[in-house]
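As the structure is a prediction and not an experimental result, all values here were calculated from the model.
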Amino acid sequence: TANRPAAFQGHSGTILLGPGSGNGFLIQTPDITIDTFEITNFSIGVRSYGGPSVYTYLRLYNNNIHHNLSVGIQLVYDTFYSVDIANCQINNTTAGSGISIANNTAIRYLTLNNSTISGNRDHGIYINNGTTAIAAPNTTLLAPRRALAKKASDSVLAPSCQTNGG
């Protein structure tokens with residue numbers, strides 16, 4: 001659990017192997033960087049606390065978030081200025097989406113760069129509500145249902161992202 005600004009730096013081969021439940025990282029603070037981890041076998045790989053709270057930045061770099069049971073990344077009830085995801089693989093959740101943004105979460109800027117979100121049971125990115133502007137250069141979203149499922153009319157996906165629909 002991160003409850004004050006911090007940078008978590010793994011190394012090639014650093015694995016957070018969960019017990020099949022819980023959270024790999026639980027975010028409870030305004031400024032977090034998670035870099036170079038393999039996060040697997042949790043219910044949720046990376047989750048914001050759901051306070052509701054106002055956070056500044058969440059940065060996920062060079063992570064392999066895979067085979068988590070519910071969601072790869074879940075952001076709920078919070079406000080972020082910026083969520084940056086770069087050089088990440090978010091794959092193979094067994095019961096949900098790669099990224100889920102729901103329950104009044106507002107993100108000013110969601111940036112995905114050089115990342116792949118694929119093989120998740122539902123959606124690549126699921127946005128239930130809130131305000132989110134998405135830029136996704138050199139990112140691939142592949143999903144059996146929809147690459148991007150959005151119920152929020154003010155969410156925008158930049159055209160530089162390759163998807164299989166949605």
From Y57 OH over to Y81 OH, what is the distance, rounded to the nearest 0.5 angstrom? 5.5 Å
Criterion side-chain contact (heavy atoms from CB on, under 4.5 Å) on H67 and N41, from CA distance to verdict: CA-CA 6 Å; H67 291 96; N41 203 45; over 6 Å; no
According to a hydrophobic-cluster definition based on side-chain heavy atoms being under 4.5 Å apart (Ile, Leu, Val, Met, Phe, Trp, Tyr only), do I107 and V54 belong together? no
Distance check, rounded to the nearest 0.5 Å: N64 atom CG versus N87 atom CG? 12.0 Å
Quick check: closest heavy atoms across S115 and I85, and the distance to 0.1 Å? OG-O, 3.7 Å
Would you say the side-chain atoms of T94 pair up with the backbone N or O of L69, donor to acceptor, closer than 3.5 Å? yes
Residue pairs meeting salt bridge (Lys or Arg N to Asp or Glu O under 4.0 Å), one or both in residues 89-101, sequence neighbours left out, come to none
Could you please spell out the steps behind the side-chain contact (heavy atoms from CB on, under 4.5 Å) verdict for L112 and I99? CA-CA 11 Å; L112 297 145; I99 299 173; 3.9 Å; yes
Which residue in the set D35, T40, I39 passes side-chain contact (heavy atoms from CB on, under 4.5 Å) when paired with F37? I39
Check residues 15-33 and write down every donor-acceptor pair under 3.5 Å in which the side-chain atom is one partner and the other belongs to a residue at least two apart or another chain.
{"from": "T29", "atom 1": "OG1", "to": "R4", "atom 2": "N", "distance (Å)": "3.4"}
{"from": "D31", "atom 1": "OD1", "to": "R59", "atom 2": "NH1", "distance (Å)": "2.7"}

Using side-chain contact (heavy atoms from CB on, under 4.5 Å), reason through T36 and T14 one step at a time and then give a plain yes or no. CA-CA 7 Å; T36 316; T14 303; 6.0 Å; no
Reported OG-to-OH distance for the pair S82 and Y109, which is rounded to 0.5 angstrom: 9.0 Å
Polar side-chain atom of T93 near backbone of G96 as donor-acceptor pair, under 3.5 Å: yes
Please report the closest heavy-atom contact between N92 and N120, naming both atoms and the distance. N-OD1, 3.1 Å
Nearest 0.5 Å, please: how far is CD1 in I65 from CG in L60? 5.5 Å
Going from NE2 on H66 to CD1 on I90, what distance comes out if it is rounded to the nearest 0.5 angstrom? 12.0 Å
Assess whether side chain to side chain donor-acceptor pair (under 3.5 Å) is satisfied between T111 and N113, documenting all intermediate values. CA-CA 6 Å; T111 304; N113 196 358; over 6 Å; no
Please tabulate, one pair per line, all N/O donor-acceptor pairs under 3.5 Å involving side-chain atoms of residues 70-80, not counting sequence neighbours.
{"from": "D78", "atom 1": "OD1", "to": "G51", "atom 2": "N", "distance (Å)": "3.3"}
{"from": "D78", "atom 1": "OD1", "to": "S53", "atom 2": "N", "distance (Å)": "3.0"}
{"from": "D78", "atom 1": "OD2", "to": "S48", "atom 2": "OG", "distance (Å)": "2.7"}
{"from": "D78", "atom 1": "OD2", "to": "G50", "atom 2": "N", "distance (Å)": "3.1"}

Hydrophobic cluster membership, with links at side-chain heavy-atom distances under 4.5 Å among I/L/V/M/F/W/Y: are V46 and I127 in one? yes
